[in-house]
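Worksheet: the structure to be examined is printed underneath.
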Amino acid sequence: MERDWSDEDDDSHHLIHQNDTKPVSSSTSRRGRSAFDVEDLDSRIGAARRFPFRFNKSYLLAILISVLFLVAFFSADIRGLFSGHASAFGLGSTADRMRESELRALSLLKQQRLGLFGLWNHTFLDSAIARNGTANFTLSSSNSSVSKKRDSGHLLASSSALFEDFKSAVLRQIKLNKDIEEVLLLPHQSGNVSVENGDGDMVDVNFSDFGFDQCRTVDQNSSGRKTIEWKPKPDKFLLAICVSGQMSNHLICLEKHMFFAAVLGRILVVPSSKVDYEYNKVLDVDHINDCLGRKVVMSFEEFSGVKKTHLHIDRFICYFSSPQHCYVDDEHVKKLKGLGISMGKLESPWVEDTQKPNKRTIQDVEAKFTVDDDVIAIGDVFFADLEQEWVTQPGGPLAHKCKALIEPSRLIVLTAQRFIQTFLGKNYIALHFRRHGFLKFCNAKTPSCFYPVPQAAECIKRVVERADAPVIYLSTDAAESETGLLQTLIFSNGKPIPLVKRPDRSPAEKWDALLYRHGLQDDSQVEAMLDKTICAMSRVFIGASGSTFTEDILRLRKDWGSASRCDEYLCQGEEPNFIADDE
């Protein structure tokens with residue numbers, strides 16, 4: 001934070017009081033005086049001598065004061081001209097020495113910045129040499145094998161990434177240097193001290209002048225993706241079951257079920273809204289089929305039409321055996337039976353605990369879950385650790401022609417775009433500020449992920465400075481008392497950065513008209529997905545560590561290609577500066 005300094009000089013005004021002399025009455029002098037009075041004559045002569053003496057003394061005193069004033073004025077100017085020698089003769093006060101030290105620091109900071117700019121210029125030269133070298137290598141090795149080209153390509157890509165990181169670090173140091181300089185200049189802005197250098201003006205830092213964006217999108221290299229084809233048999237089905245957590249958890253569970261269905265060659269049946277969320281409000285199931293170019297997913301209602309009166313789970317093979325089979329409680333089993341679904345006994349082919357899941361491979365799943373039965377279920381797989389390297393790839397582990405398989409419906413995407421065009425514009429930061437129920441959850445972790453509002457504000461301001469964004473979209477469940485305090489603490493270059501939340505419905509605003517037209521207004525899951533979509537489209541995203549809502553946003557940003565180099569968790573790498581005791 002900038003600190004305002006003020007130098008106040010106290011001027012002392014000394015008043016010189018002169019003694020007033022009472023005039024002698026003329027009548028009295030006439031009565032007590034004779035023409036030949038020697039004593040009177042002497043007194044007159046003495047008085048005549050004393051009068052000029054008093055006059056000259058006052059005159060000299062006035063001259064002396066004027067001279068002292070002029071000496072003080074010019075001595076101050078001389079100290080300014082020879083500030084380097086003033087302290088040697090003890091002419092400067094403590095404040096003067098402080099100012100001299102500050103000006104010296106400014107000179108050193110400028111030298112450092114100029115050196116960093118010289119380093120920056122060398123990076124451009126090195127980059128040009130690297131590009132020319134790459135071109136020459138490609139021409140000279142045209143007859144080499146494909147494998148060598150691939151290896152060299154990976155090496156060059158890695159070197160390029162390191163080079164970009166180096167440039168980013170240099171520019172951050174240059175900007176930090178300038179910030180320090182501006183803080184040091186504050187005490188001198190209202191004074192007469194000049195901080196301009198004789199060898200040129202101060203260099204202003206503008207990253208756009210270099211064609212460089214600190215928060216540019218991450219280049220997602222999809223050429224080396226590991227994928228499998230999803231080619232299900234038309235009469236084999238996997239019934240998805242997701243029970244843990246809220247909507248974000250269920251979407252992750254559903255995505256993992258798709259992977260299992262692809263490995264086992266089965267059509268995935270999306271859960272009924274009577275036992276789960278209404279997925280058709282937030283997702284477009286047909287979008288998944290279009291991306292794969294075949295029928296791979298169907299709604300429970302469509303599945304019921306295919307099976308008609310024979311809704312039966314032939315095998316209930318539980319992926320998890322602990323803390324309970326299939327991670328399904330008795331209440332959910334009752335709900336399934338209420339849909340007319342019959343099932344056999346729940347069984348598990350291995351020992352698997354949701355608290356400590358084992359890393360599993362495709363071969364493991366094929367060996368334990370491949371059966372000839374028409375309809376199977378494997379329970380909740382949210383905690384499953386199956387080929388995580390595949391699952392976390394941009395676009396996921398399945399071969400398809402779209403950016404993402406599980407994404408918001410077209411209505412929600414259009415509504416998000418209209419909101420962005422109305423309130424935010426292209427350059428905005430999105431912040432997921434999770435608070436409700438998060439204090440106890442985070443404090444059970446080491447380290448905690450629940451930060452005091454002032455500390456969170458400082459972390460957010462650092463991202464704002466890097467992104468140079470004028471506005472922040474706030475997705476939060478925090479109370480108004482917390483968001484109000486947060487708003488007062490977030491500013492950049494002396495100006496507050498607005499925190500924008502979705503406003504209440506207004507007939508004058510048309511950005512959300514599509515939702516009302518299709519009867520999706522005031523639906524909590526639709527609103528949550530709309531929040532998620534706006535965050536996923538932001539230039540920079542700040543998430544909440546440990547939140548699956550944040551993780552699903554990061555997945556969308558990765559799949560859509562909107563992930564930024566400035567994306568991070570709130571106060572990433574820091575611990576809260578205060579943590580409450582346990583109960």
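Count residues from 1 along the sequence.
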### Query
So do Trp511 and Thr415 actually touch side chain to side chain, heavy atoms under 4.5 Å?
yes
### Query
After noting the C-alpha distance and the side-chain angles of Ser248 and Asp552, does the key distance pass the side-chain hydrogen bond (donor to acceptor under 3.5 Å, both in side chains) rule?
CA-CA 7 Å; Ser248 295; Asp552 205 34; 4.9 Å; no
### Query
Sequence neighbours excluded, which residues qualify as ring-ring contact (aromatic ring centres under 6.0 Å, His included) partners of Tyr319?
Phe260, Trp350
### Query
Which residue pairs pass the side-chain hydrogen bond (donor to acceptor under 3.5 Å, both in side chains) test with at least one member in residues 337-347, sequence neighbours excluded?
His312-Ser342, Arg315-Glu347
### Task
Quick one: list whatever passes side chain to side chain contact (heavy atoms under 4.5 Å, CB included) with Ser273, sequence neighbours left out.
Glu278
### Query
Which residue pairs pass the side-chain hydrogen bond (donor to acceptor under 3.5 Å, both in side chains) test with at least one member in residues 438-450, sequence neighbours excluded?
Asn443-Ser448
### Query
With sequence neighbours left out, which residue pairs that include part of residues 388-414 fulfil the ring pair (Phe, Tyr, Trp, His ring centres under 6.0 Å) condition?
none
### Query
Is there any salt bridge (Lys or Arg N to Asp or Glu O under 4.0 Å) pair reaching into residues 538-547, and which pairs are they, with sequence neighbours excluded?
Asp213-Arg539
### Summary
Contacts of Ala262 meeting side chain to side chain contact (heavy atoms under 4.5 Å, CB included) (sequence neighbours excluded), chain-then-number -> Ile228, Trp230, Leu398
#### Entry: Axial cation check for Tyr516 ring with Arg505, 6.0 Å and 45° limits
yes
### Query
Who are the disulfide (SG to SG under 2.5 Å) partners of Cys253, not counting sequence neighbours?
Cys242
### Query
Does a salt bridge link Arg555 with Asp559, judged by any charged N lying under 4.0 Å from a carboxylate O?
yes
### Query
Can Thr217 and Arg557 be counted as having a side-chain donor-acceptor contact under 3.5 angstrom?
no
### Summary
Residues pairing under salt bridge (Lys or Arg N to Asp or Glu O under 4.0 Å) where one sits in residues 259-270, two or more places apart or in two chains, turn out to be none
#### Entry: salt bridge (charged side-chain N to carboxylate O under 4.0 Å, His left out) partners for Arg410, two or more places apart
none
### Listed once per pair and sorted, the disulfide (SG to SG under 2.5 Å) pairs that draw on residues 332-426, sequence neighbours left out
Cys291-Cys402
### Query
What pairs of residues pass the disulfide (SG to SG under 2.5 Å) test when at least one of them lies in residues 542-583, not counting sequence neighbours?
Cys215-Cys566, Cys459-Cys571
